[in-house]
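Letters A, B, ... mirror the listed sequences (proteins, then strands); counts begin at 1. Computed from a predicted structure; not experimentally measured.
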Amino acid sequence: MSDASPILAARTLHKTYRLGRVGVPVLRGVDLDVQRGEWLAVLGASGSGKSTLLHLLGGLDRPDSPAQASRVCRRCGHPRKHSPGTRTSCPECGEPHHTITPPQIIYEGRDLSTMSAAQLNHYRSRDIGFVFQFYHLLPELNIVENITIGSMVLHGRFGYMAHRREARARAEALLDAFGLSHRLRHRPRELSGGERQRVAIARALINEPRILLADEPTGNLDRKTGHAILDSIEQLQKSQGLTMIMVTHDPVIAERADRVVRLLDGRVVDHLPEPAET
Amino acid sequence: MYQSLLNRRYLTSKIMPLLSLVAVMLSTATILVTWSVMGGFLKTLMESGRTLIGDVAITWPNVGFAYYEDLIERLEQQPDVEAAAPIIETFGMIRLPDDQLQAVSIRGVDGPSFDRVTGYAETLYWRPLDQPTPKDFDRQDLRLPEHTDPDFLARVEKNGLMLTRDDGLGPEPAVVPGIEVTGLNHRQSWGGYVPLTAMRPTSTGSIDVENIFMPRNGSLALTLLALDSNGRFADAITRTFPVANEFQSGIYDADSQIVLVRLDALQSMLNMDRAERIEPAGPFDTIVDPETGEQIPAPPRVIGIDPARVTNVLVRGREGVESDALAATCQSVYQRFAEAHRGEVPDAFNIVINTWQEKNRTLISAVKKETGLVLFIFGIVCFTNVFLVLSIFWSMVSEKTRDIGILRALGAGWAGIAWLWLRYGLVIGTVGSTLGVLLAWVIVHNINPIHDWIGRTTGIVIWDPSVYYFIEVPNEMSWPHAAVVLLAGVLTCVIGAAIPSVRAARMDPVKALRFE
Ligand SMILES: Nc1ncnc2c1ncn2[C@@H]1O[C@H](COP(=O)(O)OP(=O)(O)OP(=O)(O)O)[C@@H](O)[C@H]1O
Ligand SMILES: [Mg+2]
């Protein structure tokens, strides 16, 4: 695999949420290349499908197949008649119907859709680190356990025994880097929102993933703390060659990224810095 | 790995799993206590049903069969046979000191051999005690040395075993009725008996109180129908016997119906003893009286001997010999015996050979029915448990939907998630059932103190010894039963957790993550 090829590439991703017969076409042909070690920021309005895109890229959800995608109008979600050739455009909004090519999400040359369930699980736990919009920590576990659980899931019952010390050391190092080394035994509910988010980032990094998928990692933080966290992530990114796809609302944060794209009308477009933004 | 960590944390930080654990514990404990106590009762009942009848009985009813001593000798040579004893079973009437008449079942027994076969000596009620019986906290038992001279009781015990009583005129054959036969023994709340005084209205209208203690000065008049060796009614005979002792077998029916009589006395009453068969002399036959030298009519001539007869021979097998095998041995021994006495004893084809199980068929089928009932309740409890665990787990899975989504996002597979919940059910089932078994053990082992304590504090005595026919509640737990209950407890939890586990495993990770 040459360095020039993207680490992660997405082709014609469609995603439709269904509400009865009518669909909500959220993604409508996303094409995206992410280079190795790149920090990509994804901007987009609320509800534009940023989280949905991250779920697809992380192998947590599957994109629509062409058949699924063409069940509804890709613009307005109006159900489409299935007799071929009867209509070529949507009776509701006039959008012409396109044929859709099969979606592809290619990680290091392998298409996620060809992976078995076990391989996908492994991909999620080994190659991908997820940071969720709403932290999503396990409330019954303390901070260290919330982080090392990623390693437990990866290594399984017996493997973890061998990796236990290493995982704990790494968890403590990450917490140290995020300024949380004094709260190892606390439960998530005893932490502030920002602290929880830092724990969530540490969890995403425990297995040294290749790609970090971060959904507004600093959305709940004040700017100063947000930037401090980004500093530490950036350091990891630079030192370990971590690829990062970060969803954000904040153009100031997007500024720090290597490249910024925007999710608009269900497609990824290159971001043109405009004053109309906010 | 993460499963065990989460199971542990879920267990210690949530009230729901503890509730299900307690529920499992209580239900296993309840069922095990019920099963143990009930099983204990049934076991005692079965064992009591076995006392006084031995393992196998060889029976030729009413008429009886001869040469039984030979049969017993042959039987006792068998390696399977521990001992054998002759008895007579018949019916009769007794007249009590207060002139009441009562129909009873009569057994003619030879004390020592009867004891070897049936453990009869153990059932004799009147005998010296040094320790009070379990419920007799105030030492009210008359058999204790402070109430009755132990020497006297030892004599009464011996009398009981030999079925004799010596009232100063030499030993006389005696009877040993069941403790409930006369109605003159009053069962106390502490489980023992106190003899009543017999009262009899006199012709003057006053009440004549007699100070009678049956084994000392009581006697019973026994009326029997005697048959001849061909089974024809011969005579109704009444004879008064002193009472030697009273027995308590543990089966109320036996203790209220059966009167034991010394075998030889009964044989002579029933014309079943050894007799000379005679032929009247001809009217003109005479003999010369050796003393006077005169001619006198000739006495009847002896033409043969009718040997003594009994109706049953009871056989006890050696330790570990199945009663069916023993019955087969008896059958073959009888065959040879019948060949040796051809024409004089019932043939081997007709003789009745019963095991104690066959004799106690009704009792055993009742016991089986009760066991079936316990198992039925057991089934219902298990069923309830499954639904209990199912509903608790269902709601726990719902509550933990987000966690499931997170774990999936971290790379957990559906099988891992299913195992998380199944394992949780397994843990709750194992811990709950183990605690339940321990709780049951504690309860069962202390059931009598607990029962007494409940009786003292609330006045509710569930098993009142003056009503129920046992003193102590059985307090032994069968470990095989405990294992079954434990296994069932674990299994019900796993089954109950299975459906919620599948639900958790099939959850769409993204929907789970978005779950509010
Ligand atoms: N299960 C679902 N059923 C129906 N519609 C859904 C479902 N999940 C998401 N959507 C819709 O899909 C659209 C995209 O959701 P998504 O969470 O990806 O938006 P987002 O870009 O992350 O928004 P935000 O910036 O507010 O987080 C939204 O309009 C949402 O209502
Ligand atoms: Mg979002």
Thinking salt bridges, do A:Glu208 and A:Arg170 make one under a 4.0 Å N-O criterion?
->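 The answer is yes: the pair qualifies as a salt bridge.
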Please look at [X] and chain B and tell me whether the side chain, the backbone, both or neither of the residue comes under 4.5 angstrom of a heavy atom of that chain.
| X | answer |
| --- | --- |
| A:Tyr17 | side chain |
| A:Ile206 | neither |
| A:Thr148 | neither |
| A:His136 | both |
| A:Arg187 | side chain |
| A:Phe134 | neither |
| A:Leu154 | neither |

Mind checking whether A:Phe132 and A:Phe130 have ring centres under 6.0 Å apart?
->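 Yes.
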Contact leader toward chain B among [options], where contacts are heavy-atom pairs under 4.5 Å:
| options | value |
| --- | --- |
| A:His122, A:Arg126, A:Arg203 | A:Arg203 |
| A:Gln133, A:Arg124, A:Met161 | A:Arg124 |
| A:His55, A:Met152, A:Glu140 | A:Glu140 |

Point-to-point distance, once rounded to the nearest 0.5 Å, from CG of A:Leu175 to OG of A:Ser181 =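 Here the rounded value is 7.5 Å.
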With rounding to the nearest 0.5 Å, note down the distance linking CZ in B:Arg503 to CZ in B:Phe393.
->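 It is 13.0 Å, given to the nearest 0.5 Å.
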Which one of A:Leu8, A:Leu57, A:Leu263, A:Leu13 satisfies the side chain to side chain contact (heavy atoms under 4.5 Å, CB included) criterion with A:Leu32?
->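 Exactly one pass, corresponding to A:Leu57.
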Have a look at B:Val431 and tell me which of B:Thr434, B:Ile428, B:Val427 forms a side chain to side chain contact (heavy atoms under 4.5 Å, CB included) with it.
->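 So the option named by the test is B:Val427.
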Look at the side chain of A:Arg74 and the backbone N and O of A:Leu27, then say whether any donor-acceptor pair between them is shorter than 3.5 Å.
->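 Checked: pair present.
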Using atom types as modelled and distance alone, determine if a side-chain donor or acceptor of A:Thr114 lies under 3.5 Å from a backbone N or O of A:Asp111.
->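 Answer holds: yes.
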Heavy-atom distances under 4.5 Å only: say whether B:Arg514 touches chain A with side chain, backbone, both or neither.
->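 For B:Arg514, the side chain is the part near chain A, not the backbone.
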Please state whether the side chain, the backbone, both or neither of B:Arg402 comes within less than 4.5 Å of a heavy atom of chain A.
->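 For B:Arg402, the side chain is the part near chain A, not the backbone.
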